[in-house]
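Data first, discussion second: the structure below is written as structure tokens.
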Amino acid sequence: MIKLRESNQSGRSMIEMLGVLAIIGVLSVGGISGYSKAMAKYKTNKTLDQLSLLITNIRTLYANQISYAGLNNAAAVSFELVTQEMAPGVQVGSNPAGAVNLVNPFGGAVTIGVNNANPAQFTVEYAGLDRQTCITIATADWGGSASSGLVNIQIGNTIYSWANNNLPISIANAGAGCAANNNKITWTYN
């Protein structure tokens, strides 16, 4: 007589395994979404910090000057007004020859220069921002009046200034300007 072996195997069914995989998939998608939002917020905050530091450094260096003559990206690198993150491939503090490309946390261009209409003012332009960051930065608190040094903010073809009595910028105006201008903002300071 042939004796059959009894098998007490216990395991998971295919349906149970598919259920576990579905739960893991849902949690992964949620985690990736949360991570993406956290990174966008981090980059936005980094952009605001970078911009505030840049403006403060420029105003401090030129505090006793009557104009911002000679201020450009290369001068900003030479005078250590920018962080190393802003000047990839160029040593901050060196005297770079030729044009210097500066970047913001979103990988877009940063351009620093003298206001051609008034050399006693300088401009900082941030391009390549995402739309939400453009709106957030445009509507940030840039000071309560012209005494903060801010002359104007340009988004698209619209210039917002204390003189025109249209600062601070409303969210609706920032949203329209950022969308029409490929998310580029230019600040002019005294």
*Using the rule that two of Ile, Leu, Val, Met, Phe, Trp, Tyr join whenever any of their side-chain heavy atoms come within less than 4.5 Å, decide whether Leu48 and Leu54 are in one cluster.*
yes

*Just one of Asn152, Asn190, Thr188 clears the side-chain hydrogen bond (donor to acceptor under 3.5 Å, both in side chains) bar with Gln121, so which one?*
Asn190

*Which atom names give the shortest non-hydrogen contact between Ala109 and Asn104, and what distance separates them?*
O-ND2, 3.9 Å

*Considering all heavy atoms, the nearest Ile169-Ile155 contact*: CD1-CD1, 3.9 Å

*Consider only side-chain N and O atoms of Thr123 and Asn115, and report whether a donor and an acceptor are under 3.5 Å apart.*
no

*Hey, is CG on Leu18 packed in by over 12 heavy atoms from elsewhere, all under 6.0 Å?*
yes

_So for atom CG, which belongs to Asn164, do other residues, nucleotides or ligands contribute more than 12 heavy atoms lying within a distance under 6.0 Å?_
yes

*Residues, nucleotides or ligands: over 12 heavy atoms within 6.0 Å of Ile15 CD1*: no

*Any link between Val82 and Val114 through a network of hydrophobic side chains (Ile, Leu, Val, Met, Phe, Trp, Tyr) touching at under 4.5 Å?*
yes

_Reference residue Trp142; test ring-ring contact (aromatic ring centres under 6.0 Å, His included); the match among Trp187, Trp162, Tyr189, Tyr160_ = Trp187

*Contact summary for Ala75 and Gly70, nearest pair of heavy atoms*: CB-O, 3.5 Å

*Mind listing the closest non-hydrogen atom pair of Gly93 and Glu80 along with its distance?*
CA-CG, 3.5 Å

*For the hydrophobic clusters of this structure (ILVMFWY residues joined by side-chain heavy atoms under 4.5 Å, transitively), does one cluster hold both Met86 and Val92?*
yes

*Report whether Ile135 and Ile137 are members of the same hydrophobic cluster (ILVMFWY, side-chain heavy atoms less than 4.5 Å apart, transitive linking).*
no

_I need the minimum non-hydrogen distance between Thr83 and Gln50, along with the two atoms involved._
OG1-NE2, 4.4 Å

*asked:* For Asn101, is the CG atom crowded, meaning more than 12 foreign heavy atoms sit under 6.0 Å from it?
replied: no

_Could you check whether atom CG of Leu27 has more than 12 heavy atoms from other residues, nucleotides or ligands sitting under 6.0 Å from it?_
yes

*Check whether any side-chain N or O of Asn183 sits under 3.5 Å from a backbone N or O of Cys134 as a donor-acceptor pair, and report yes or no.*
no

